[in-house]
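For reference, positions follow the sequence shown, starting with 1.
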Amino acid sequence: MGMKKNIIVVALIATLLLMPTAYVFAQSNMNSLTKSQEEEVQTVNLFGQAAFRRALAYAYDKTRVCTDVWGGWAMPIDVPVPAVMGEWSAEVKGLLPGSYAAHDPESALAELEKLGIEDYDNDSWLEIDPDNPYSEITIQMMGTDSPSVRQILGVLAESVEAIGIHVEQVFVDFNTLLDKLFSGDFELTFFAFTLGRIPSFLEAFASWSIYSMLGGWSNETYDELILKAFYEEDTITNITKAYEYIWEAQEIYWYELPLIPIYQNIIVGVYDPDIWKGIISLPGSPVENWYTIMRIVKQVADGGIDTNATLRLGLGWYVDCLNPLATSSAYDWSILSMLFDSLYTPNPYDYFNLSADLPWMLAEPPTFKVVEEGDRQLGEWTLKLRNDIYFFDGEQLTADDVVFTYDLINWIGDANDPWYDIYVMVENATKVDDFTVKVYTYLKAENASCIGLAARYALGIPVFPKHIYEREETWGIEDDNPYDVFPDWNVTPDDIMSYEAQGPSDPILTGYGPFKLKSWSPTEASASEATSFLLERNPDYFMRAIDENDVVIHEWKDWSEMNKTTVELYGPYIKYLQFKVITEASALKDAVLKGEIDIAEELEFGKWVYEFQSAGFTIATSLRLGFGHTFVNTRALTEIPQPPAPGFGIPIEYIIAGVVIVVVIIAVAIILKRRKPAE
């Protein structure tokens with residue numbers, strides 16, 4: 001008995017003495033084990049699986065985003081060609097296999113089962129590995145740190161967690177978001193994109209586009225359809241063929257979802273019907289569009305119209321530079337589009353139908369054909385200009401100005417921003433006579449045809465005054481050498497792209513549109529610092545409704561008196577157009593209610609509809625030409641959590657320490673046993 005007692009006492013003493021050494025040894029080995037485990041981390045490419053992306057789309061509660069975040073002023077969408085785009089939309093044609101609009105856990109789980117992802121241990125969280133109860137999935141959603149984005153991602157995260165997938169929400173500033181996007185350090189990012197009249201956004205996911213490169217998704221059949229619709233086949237004269245290719249591309253998109261569309265906003269516009277009439281709602285703009293400005297009239301007591309009226313509009317941010325060759329800012333173009341018209345304009349009664357477009361600056365609709373040049377196929381547009389268009393300085397607009405515009409854009413080259421597509425796809429333009437131009441489309445850098453829908457982009461330009469833009473002093477360059485006129489001049493592309501309009505009378509603002517820029521304020525401010533811009537009706541406008549003596553020469557008609565075949569766009573009937581910089585939606589709302597702004601539209605106006613209606617305003621709505629979505633990194637790797645090391649949940653350091661102690665005890669016991677007690 002005494003022997004056993006001695007052994008126990010010695011063992012306890014040894015344990016106490018050796019515990020620090022054991023702990024240090026355990027920590028050392030723990031560090032080694034951690035490193036080893038990190039090296040063996042298992043990952044899986046879930047986002048690269050279309051079934052996983054479809055599962056997320058089914059899980060997203062898009063309807064709740066529309067109701068909870070946007071107060072019902074939004075609609076769920078499944079592909080980036082929403083129903084508002086009419087004949088272009090596969091949804092309108094009934095060609096989509098289903099809908100992701102509602103939170104659909106059953107369909108989401110069915111997609112995940114295809115990948116072997118189920119709740120194997122019945123704890124409400126899904127596992128990747130049936131033999132590993134720790135293999136639950138965690139994904140990351142990233143967005144800008146703004147209240148609305150936080151709300152949107154909160155709803156999406158909650159709906160995804162409801163099907164058993166953990167979600168980590170990360171919020172960063174916009175520049176950081178872009179950095180992560182371009183470095184590939186993301187899984188899902190929330191963005192919003194704009195749309196146009198042609199579903200060109202679909203090309204963003206062709207394998208040669210930047211979005212495909214960033215997201216990693218590509219599909220050969222999809223590529224072929226995009227090439228045929230936009231470049232390789234004559235879908236200009238055969239629009240039906242274009243529709244078919246675009247519909248089929250949308251079906252592939254619906255199944256593959258390289259980007260998951262979520263919602264399309266409903267824009268709310270307001271105006272006082274007792275004061276203003278002639279407002280028309282278009283996709284993307286319920287009240288503040290070019291057509292409204294051309295036709296709007298201010299009513300007077302005797303039932304007539306005020307031809308000296310001023311229409312006051314809000315401008316959501318400061319302009320950039322008011323340089324039509326350099327700016328892509330929507331705020332700049334709110335003003336510039338009143339100074340410079342395009343060659344053709346959409347028909348407001350049939351907005352997405354390219355065949356219904358109005359020639360506008362052209363005497364007749366442009367014609368298109370495919371021509372052969374050696375082994376190349378080029379697109380050839382023939383443009384016959386009107387002969388009654390004059391720049392603000394009285395110079396007539398002719399074929400020389402049109403050809404010069406294309407030449408100048410091509411000369412600027414890669415430095416182009418707003419007109420980069422023109423540079424890429426217009427081979428050249430040639431003058432046939434004073435009012436006829438031929439424009440040839442070809443992808444020069446790719447040595448490839450451009451005879452499809454993309455060839456239409458070639459006509460989407462304003463015309464710049466050759467006699468002004470060709471002079472180097474216009475761009476701030478003055479010297480004593482004789483090289484002063486384009487292209488033999490001392491101007492560089494950077495000189496043009498960095499130029500900012502120096503004042504309302506700057507020569508670069510010499511347009512031919514319905515209004516001239518009369519002034520801005522403060523008068524001493526630069527264009528980018530100005531807070532108000534005043535435009536005055538151009539009395540020499542080729543579509544004028546009121547002459548230089550303020551006499552109405554084309555009687556005003558309401559939109560209800562016309563249709564797509566009888567539309568008349570003479571105007572404007574107001575004399576002045578004023579833009580006021582108002583950067584907050586709430587401030588714009590207050591300005592409308594105070595009578596400081598006459599008509600307005602805003603994404604956030606939906607929450608003040610009752611207040612507007614109570615004040616007697618009419619509400620007009622239209623679907624935004626844009627949508628919110630989560631962009632998917634199909635290369636992202638998801639870590640599969642592994643079971644902890646054996647030990648029944650006991651920390652490894654204690655296991656190692658215990659082993660050391662036991663070894664010491666046994667060693668001491670053996671020593672004591674060998675020492676026989678005295679007889």
Run Glu161 and His166 through side-chain hydrogen bond (donor to acceptor under 3.5 Å, both in side chains) and show every step you take. CA-CA 5 Å; Glu161 292 196 327; His166 300 283; 4.8 Å; no
Kindly indicate, with the supporting measurements, whether the criterion side chain to side chain contact (heavy atoms under 4.5 Å, CB included) is fulfilled by Arg197 and Leu354. CA-CA 8 Å; Arg197 295 175 60 232; Leu354 305 183; 3.6 Å; yes
As a quick check of understanding, evaluate side chain to side chain contact (heavy atoms under 4.5 Å, CB included) for Val172 and Asp145, giving each step before the final call. CA-CA 5 Å; Val172 296; Asp145 193 5; over 6 Å; no
Would you check, one step at a time, whether the test side-chain hydrogen bond (donor to acceptor under 3.5 Å, both in side chains) holds for Trp208 with Glu203? CA-CA 9 Å; Trp208 55 85; Glu203 189 184 349; 3.0 Å; yes
Please evaluate residues Tyr271 and Phe617 with respect to the criterion ring pair (Phe, Tyr, Trp, His ring centres under 6.0 Å), reporting the C-alpha separation (whole Å), side-chain torsions for both, the decisive distance (0.1 Å), and the verdict. CA-CA 5 Å; Tyr271 65 94; Phe617 287 90; 8.6 Å; no
Could you go step by step and tell me if Ile597 and Leu313 meet the side chain to side chain contact (heavy atoms under 4.5 Å, CB included) rule? CA-CA 6 Å; Ile597 293 293; Leu313 305 176; 5.6 Å; no
Please test Glu136 against Asp123 for side chain to side chain contact (heavy atoms under 4.5 Å, CB included), starting from the C-alpha separation and ending with a verdict. CA-CA 10 Å; Glu136 295 173 358; Asp123 66 348; 2.8 Å; yes
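Remark: the backbone N or O of Leu603 is not paired with any side-chain donor or acceptor of Asn265 at under 3.5 angstrom. When atom types are taken as modelled, the side chain of Trp333 and the backbone of Thr327 share a donor-acceptor pair closer than 3.5 angstrom. Under the 3.5 Å distance criterion, the side-chain polar atoms of Thr235 are matched with a main-chain donor or acceptor of Leu453. With Arg624 contributing its side chain and Gly284 its backbone, the two residues share no donor-acceptor pair below 3.5 Å. For Glu601 (side chain) and Val268 (main-chain N/O), no donor-acceptor pair under 3.5 Å exists by modelled atom type. Checked by atom type and distance alone, the side chain of Ser329 pairs as donor or acceptor with a backbone atom of Tyr331 at under 3.5 Å. Judged by distance alone, with hydrogens and angles left aside, the side-chain atoms of His629 form no donor-acceptor pair with the main-chain N or O of Ile260 at under 3.5 Å. The main-chain N or O of Met425 is never found under 3.5 Å from a side-chain atom of Asp421 such that the two would form a donor-acceptor pair. Distance alone, capped at 3.5 Å, places no donor-acceptor pair between the Ser622 side chain and the Pro283 backbone. Ser107 places no side-chain N or O within 3.5 Å of a backbone atom of Tyr58 that could act as its donor or acceptor partner.
Side-chain atoms of Asp350 and Asn353 include a donor-acceptor pair closer than 3.5 Å. Looking only at atom types and distance, the side chain of Asp179 has no donor-acceptor partner in the side chain of Thr176 under 3.5 Å away.
Using a 4.5 Å cut-off on side-chain heavy atoms (C-beta onward), Leu181 and Leu214 make contact. Under the 4.5 Å side-chain criterion, counting only non-hydrogen atoms from C-beta, Tyr231 is not in contact with Ser449. Side-chain contact between Trp608 and Gln613 is absent, with no heavy-atom pair separated by less than 4.5 Å. Residues Met142 and Leu177 have side chains in contact (heavy-atom distance under 4.5 Å, counting atoms from C-beta outward). Side-chain contact between Pro76 and Cys66 is present, with heavy atoms from C-beta onward closer than 4.5 Å. Side-chain contact check for Leu259 versus Phe191: every heavy-atom pair is 4.5 Å or farther apart. Side-chain atoms of Glu127 and Tyr134, non-hydrogen and from C-beta on, never get closer than 4.5 Å to each other. Asp61 places none of its side-chain heavy atoms less than 4.5 Å from the side chain of Leu156.
Shown here for Asp417 and Met497, the closest heavy-atom pair between the two residues is N-CE, 3.7 Å. For Ala101 against Asp78, the heavy-atom pair with the smallest separation is N-OD1, 3.8 Å. Taking every heavy atom of both residues into account, Ile451 and Ile236 meet most closely at O-CG1, 3.9 Å. Of all the heavy atoms in Leu202 and Ala249, the pair that sits closest is CD1-CB, 4.4 Å. Contact record, Asp173 with Asn175: OD1-N, 3.1 Å, taken as the closest heavy-atom pair. The two residues Glu187 and Thr138 make their nearest non-hydrogen contact at OE1-O, 4.5 Å.
Atoms CZ and CZ, on Phe186 and Arg635 in that order, are 8.5 Å from each other to the nearest 0.5 Å. Taking CD1 from Ile128 and CD1 from Ile640, the interatomic distance works out to 4.5 Å, rounded to the nearest 0.5 Å. Rounding to the nearest 0.5 Å gives a distance of 8.0 Å between CD of Glu248 and OG1 of Thr221. Atoms OG and CZ, on Ser146 and Phe190 in that order, are 8.0 Å from each other to the nearest 0.5 Å. The structure places OH of Tyr423 at 8.0 Å from CG of Asn416, a figure rounded to the nearest 0.5 Å. The structure places OG of Ser135 at 9.0 Å from CD1 of Ile117, a figure rounded to the nearest 0.5 Å.
The side-chain hydrogen bond (donor to acceptor under 3.5 Å, both in side chains) test with Tyr245 is passed by exactly one of Glu233, Glu224, Lys228, Gln250: Glu233. Phe52 pairs in a side chain to side chain contact (heavy atoms under 4.5 Å, CB included) with only one of the listed residues (Asn45, Val44, Ile165), which is Ile165. With Tyr263 as reference, Trp70 is the one residue of Tyr100, Tyr60, Trp70 to meet the ring pair (Phe, Tyr, Trp, His ring centres under 6.0 Å) rule.
Note on Asp357 versus Arg456: salt bridge recorded, some NZ/NE/NH1/NH2 to OD/OE distance being below 4.0 Å. Using a 4.0 Å cut-off between a side-chain N of Lys or Arg and a carboxylate O of Asp or Glu, Glu158 and Arg64 qualify as a salt bridge. Between Lys589 and Glu584 no salt bridge is recorded (no basic side-chain N to carboxylate O distance below 4.0 Å). Ion pair Lys114/Glu111 flagged as a salt bridge, since at least one NZ, NE, NH1 or NH2 atom sits closer than 4.0 Å to an Asp/Glu carboxylate oxygen.
More than 12 heavy atoms of other residues, nucleotides or ligands lie within 6.0 Å of CZ in Phe171, so this atom counts as buried by the packing criterion. Enclosure of atom CH2 in Trp317 is not indicated, since only 12 or fewer non-hydrogen atoms of other residues, nucleotides or ligands lie within 6.0 angstrom. In Met75, the CE atom is not crowded: 12 or fewer heavy atoms of neighbouring residues, nucleotides or ligands sit closer than 6.0 Å.
Among residues two or more places apart in sequence or in another chain, the salt bridge (charged side-chain N to carboxylate O under 4.0 Å, His left out) test is passed with Asp332 by none.
The aromatic ring centres of Trp88 and Phe352 sit 6.0 Å or more apart. Taking the six-membered ring for Trp and the full ring otherwise, the centers of Tyr211 and Phe193 sit less than 6.0 Å from each other. Here the two rings, on Tyr222 and Phe205, have centers that are 6.0 Å apart or farther.
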